[in-house]
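A short worksheet on the structure shown next.
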2 protein chains.
Amino acid sequence: MATTPAATPPMLRRVNAGKLLSVLSTAGVMTGTGLIEATGLTRATVHAVCNDLIAMGWVVELDPGHDAPGTPVGRPSRRFEFNSQAGYVLGIDVGAAKTTVLLSDLRGETVAKTGRSFQSVKTPAEQTQVVNEAVLEVLAAADVTDSEVLAAGVGVAAPVDREGNILVDDEFWRRFDAGLTTRLTELHGWPVLLENDANLATLGEHWRGEARDVDDLVVLLAGERFGSGLMDSGRLLHGSRGGAGEMVYLKLVEGVGDTAGIARTAREQGAKAVADPTVKTSLRELAGSDPVTAELVFAAADAGDKVALGILQYVACRTARVLATLGILFNPELIVIGGAVAAAAESLLPSIRQQLATYTATPPRIAVSSLGDTIVSVGAVRRALNYVEQHALDLQLSSAR
Amino acid sequence: MATTPAATPPMLRRVNAGKLLSVLSTAGVMTGTGLIEATGLTRATVHAVCNDLIAMGWVVELDPGHDAPGTPVGRPSRRFEFNSQAGYVLGIDVGAAKTTVLLSDLRGETVAKTGRSFQSVKTPAEQTQVVNEAVLEVLAAADVTDSEVLAAGVGVAAPVDREGNILVDDEFWRRFDAGLTTRLTELHGWPVLLENDANLATLGEHWRGEARDVDDLVVLLAGERFGSGLMDSGRLLHGSRGGAGEMVYLKLVEGVGDTAGIARTAREQGAKAVADPTVKTSLRELAGSDPVTAELVFAAADAGDKVALGILQYVACRTARVLATLGILFNPELIVIGGAVAAAAESLLPSIRQQLATYTATPPRIAVSSLGDTIVSVGAVRRALNYVEQHALDLQLSSAR
DNA sequence: CGGATTTATATAGACTCTAAATTTAGATTC
DNA sequence: GAATCTAAATTTAGAGTCTATATAAATCCG
């Protein structure tokens with residue numbers, strides 16, 4: 001009948017141990033006294049908990065030494081350090097065209113990184129195969145075994161609900177392998193945490209990107225298609241079926257009309273201009289017989305091509321309108337623009353900001369991501385680390401004595 | 001240094017007492033055994049906590065009796081009941097044109113209700129005066145003293161952040177008295193909890209309206225202006241400055257263009273039709289020399305007036321587009337339409353649902369509020385009750401022995 | 001080498017919970 | 001009407017947690 005178990009004395013230890021571990025995992029080497037100050041616990045408790053954590057393998061004890069080097073008086077402190085090699089986590093971005101895989105230690109430092117194109121992939125099973133190859137590569141590169149990996153975060157370009165279930169009737173399914181997560185668990189025995197890519201991008205920016213210390217946040221993935229991750233008070237939104245942040249509403253927004261992102265709009269507009277013989281543009285010569293790319297449009301604009309500049313103005317206008325709707329409706333402190341074209345988007349920022357101000361008197365700050373093509377995989381690492389931190393005291397570490 | 005205090009043994013009691021109180025406050029009379037099942041605690045603990053709660057005044061003990069009437073064997077149980085008269089809370093809706101005030105017991109049952117028009121109000125101070133008169137009226141009607149009121153929730157049509165601070169540069173301020181909350185605290189000594197009206201409407205629908213058991217929810221206030229409250233996984237969104245749910249983005253939505261709600265659109269379109277001599281409509285005779293009202297347009301449409309029917313079609317189209325943007329971007333399970341015209345909106349539902357389906361393949365459920373003009377004040381009561389439940393074990397009850 | 005200083009460790013006390021034994025209040029049975 | 005049965009209340013013992021205080025240890029300094 002009881003919804004939550006009763007609160008018992010051992011739970012106190014659990015809470016305090018979790019707190020101590022969380023302090024240790026973010027700080028560096030800490031002395032007993034330092035932990036007392038950081039946690040509010042008594043010295044006796046701090047040491048008891050630390051002894052437990054050492055026995056479990058989460059913490060390592062260094063040689064005793066003094067905290068402040070200036071006044072080396074008194075008995076030297078015991079010194080504790082979070083054992084960032086107690087295990088590893090994987091962050092996997094399964095994109096439309098490629099996959100990016102990060103292997104990270106428990107402090108979030110990247111240990112190995114790789115990527116694979118999906119160019120030759122024809123069936124979902126092949127996709128899983130390619131992802132797994134990339135995973136095996138990073139494990140081998142860092143000499144990490146299956147049992148040392150404590151969790152894997154996986155990002156996909158489809159709605160994913162809070163339980164990690166993917167929305168079945170999504171077009172992404174044409175390519176994506178439904179069995180990926182279960183297959184990874186089968187092969188390696190890891191907990192696999194599936195999440196929407198834009199949501200992971202938001203976790204990534206919040207953790208290691210432009211949005212540190214920003215708890216009311218929107219991240220706009222703006223490459224091929226617009227996608228958004230929404231965070232309110234430090235929590236990701238999901239909606240009832242994982243669809244929160246879905247951008248199909250843009251077909252109702254004047255001057256936007258569809259979910260085509262910056263790269264796609266630039267490319268399509270460029271191709272249109274090239275195809276029209278009455279338009280005079282250097283894009284035609286630059287492209288030659290190859291199809292026009294977004295990069296080409298940005299380059300031409302840089303070189304002063306009027307048509308390319310016009311296209312970028314149009315892109316900036318669309319983006320400003322997208323940012324305006326999100327900024328007004330969610331009232332984030334900051335919106336971060338990420339995705340393949342984030343770097344190029346930098347040059348559009350002044351124009352975007354200026355137009356944004358015409359839609360709202362209190363616009364959010366706008367920034368461009370500096371995480372590049374790891375924006376999703378970094379977030380996937382964070383997702384996996386969240387899981388590990390939550391379950392730390394239940395996990396059996398292979399390094400535990 | 002410590003961000004949160006250390007977990008100590010007395011906190012266990014606090015947690016368990018809180019849980020027991022929360023079970024008791026929602027259930028009716030409970031026996032010791034029933035509480036054991038509901039909380040997972042031991043009999044010894046249940047009784048110890050109950051004795052504490054009785055001493056504090058939160059719980060009353062009834063004469064012992066048997067739980068199941070069929071088999072009255074064994075020693076009769078002690079029977080406990082949440083003392084819903086241990087205190088009271090106020091729910092206050094400060095609207096643009098009027099205020100609604102509810103006095104409720106701790107179980108959320110309305111004890112007294114009243115309202116006041118702001119028609120004669122000219123200054124902010126007068127507004128506070130009118131609100132306070134209404135408050136005094138409900139207190140007198142239920143014979144409740146200041147010290148028995150444990151909290152007051154107040155809803156206003158302006159952005160309010162998580163700390164209860166109102167956004168200063170809002171047009172609502174022309175009428176609203178900034179000093180209302182501090183004045184109420186000064187006069188009566190209550191904690192006053194300020195919150196945005198649409199957010200409170202969302203709490204209200206979630207608690208006592210159409211959205212019970214729905215944790216991913218949007219409530220659209222659709223009277224004079226569109227306003228929305230957003231709930232994800234049972235939590236209200238606020239954004240960084242309380243602006244979450246703000247609808248100014250509608251000026252960017254095709255076929256909507258501004259935040260005018262159902263009532264205002266119907267009224268204005270009606271007036272426009274009447275003013276145009278080339279338009280043939282029964283509205284002209286119905287209105288006579290008075291200005292056209294939304295009610296009049298609805299009535300004329302009911303009677304078959306073509307122009308009025310056309311206006312309603314336009315209103316339904318606008319509303320469907322608003323619902324589509326919210327439904328797609330937040331993916332709520334349900335959107336509830338509330339506000340002054342909620343009842344009339346019922347007739348538009350089929351048309352709205354049909355159009356909504358053209359914008360998204362997975363539309364949310366749409367419902368119309370049945371809370372009428374108490375939608376905000378009921379939510380304000382819930383807000384106040386949340387506060388009381390959170391602080392229950394710290395509060396000094398005047399009824400405590 | 002002894003005093004000062006800081007930290008570590010050990011001990012005692014308070015508070016909480018659970019678990020098991022004992023008592024109690026009423027109904028049932030003989 | 002006394003013995004019996006039953007379910008709940010109460011009591012008691014035990015284990016886990018924390019804090020607070022006392023004692024021991026390790027290092028520096030003169």
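In what follows, every chain begins at residue 1, and chains take the letters A, B, ... in the order their sequences are listed. Keep in mind that the numbers below use all heavy atoms, side chains included, and drop hydrogens, waters and symmetry copies.
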Next item on the list: With sequence neighbours excluded, tell me which residues meet ring-ring contact (aromatic ring centres under 6.0 Å, His included) with A/Phe82.
Entry: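 Partners of A/Phe82 under the ring-ring contact (aromatic ring centres under 6.0 Å, His included) test: none.
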Next item on the list: List for me each residue that meets ring-ring contact (aromatic ring centres under 6.0 Å, His included) alongside B/Trp207, sequence neighbours excluded, and say none if there are none.
Entry: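 Applying ring-ring contact (aromatic ring centres under 6.0 Å, His included) to B/Trp207 gives none.
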To the nearest Å, give me how far apart [atom1] ([X]) and [atom2] ([N]) are.
{"X": "A/Lys19", "N": "D/dT17", "atom1": "NZ", "atom2": "C1'", "value": "15 Å"}
{"X": "A/Phe80", "N": "C/dA8", "atom1": "CZ", "atom2": "C1'", "value": "10 Å"}
{"X": "A/Leu62", "N": "C/dT7", "atom1": "CG", "atom2": "P", "value": "17 Å"}
{"X": "B/Arg78", "N": "C/dG26", "atom1": "CZ", "atom2": "P", "value": "14 Å"}
{"X": "A/Leu20", "N": "D/dT17", "atom1": "CG", "atom2": "P", "value": "14 Å"}
{"X": "A/Met11", "N": "D/dA15", "atom1": "CE", "atom2": "C1'", "value": "15 Å"}

Does [X] have any side chain to side chain contact (heavy atoms under 4.5 Å, CB included) partners at least two apart in sequence or in another chain, and if so, which?
{"X": "B/Ala27", "result": "B/Met30"}
{"X": "A/Pro64", "result": "A/Pro76"}
{"X": "A/Asp146", "result": "A/Leu139, A/His188, A/Trp190"}
{"X": "A/Asp105", "result": "A/Ser84, A/Gln85, A/Tyr88, A/Arg107, A/Glu109, A/Val111"}

Between the protein and nucleotides 22-25 of chain C, which nitrogen or oxygen pairs are less than 3.5 angstrom apart?
from, atom 1, to, atom 2, distance (Å)
C/dT24, O4', B/Arg75, NH1, 3.3
C/dT24, O2, B/Arg75, NH1, 3.3

Please enumerate all protein N or O atoms sitting under 3.5 Å from an N or O of nucleotides 17-20 of chain C, with distances to 0.1 Å.
from, atom 1, to, atom 2, distance (Å)
C/dC17, OP1, B/Asn16, ND2, 2.9
C/dC17, OP2, B/Arg13, NE, 3.0
C/dC17, OP2, B/Arg13, NH2, 2.6
C/dT18, OP2, B/Thr42, N, 3.2
C/dT18, OP2, B/Thr42, OG1, 2.5
C/dT18, OP2, B/Thr45, OG1, 2.8
C/dT18, O5', B/Thr42, OG1, 2.9

Checklist line | For B/Glu61, side-chain hydrogen bond (donor to acceptor under 3.5 Å, both in side chains) partners two or more places apart | finding: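 Partners of B/Glu61 under the side-chain hydrogen bond (donor to acceptor under 3.5 Å, both in side chains) test: B/Arg78.
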Check: Does A/Arg382 have any side-chain hydrogen bond (donor to acceptor under 3.5 Å, both in side chains) partners at least two apart in sequence or in another chain, and if so, which?
Finding: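 Listed in chain order: A/Asn386, A/Glu389.
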Checklist line | Salt-bridge contact B/Arg162-A/Asp215 (side-chain N to carboxylate O under 4.0 Å) | finding: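 Salt bridge between B/Arg162 and A/Asp215, a charged N being under 4.0 Å from a carboxylate O: no.
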Checklist line | Estimated bend of the helix from C/dC1-D/dG30 to C/dC30-D/dG1 (axis per five terminal pairs, rounded to 10 degrees) | finding: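 Inter-axis angle at the ends, rounded: 30°.
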Notebook entry, point to check: B/Val73 side chain: which of C/dT28, C/dT7, D/dA9 is closest?
Noted result: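 Selected nucleotide (nearest to the side chain): C/dT28.
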Could you go through residues 7-15 of chain A and list every donor-acceptor pair under 3.5 Å that involves a side-chain atom there, pairing it with any protein atom two or more places apart or in another chain?
from, atom 1, to, atom 2, distance (Å)
A/Arg13, NH1, A/Asp52, OD2, 2.8
A/Arg14, NH1, A/Asp394, OD1, 2.8

Notebook entry, point to check: To the nearest 0.5 Å, what is the distance between CD (A/Glu195) and CG (A/Leu236)?
Noted result: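 So the CD of A/Glu195 and the CG of A/Leu236 are separated by 6.0 Å.
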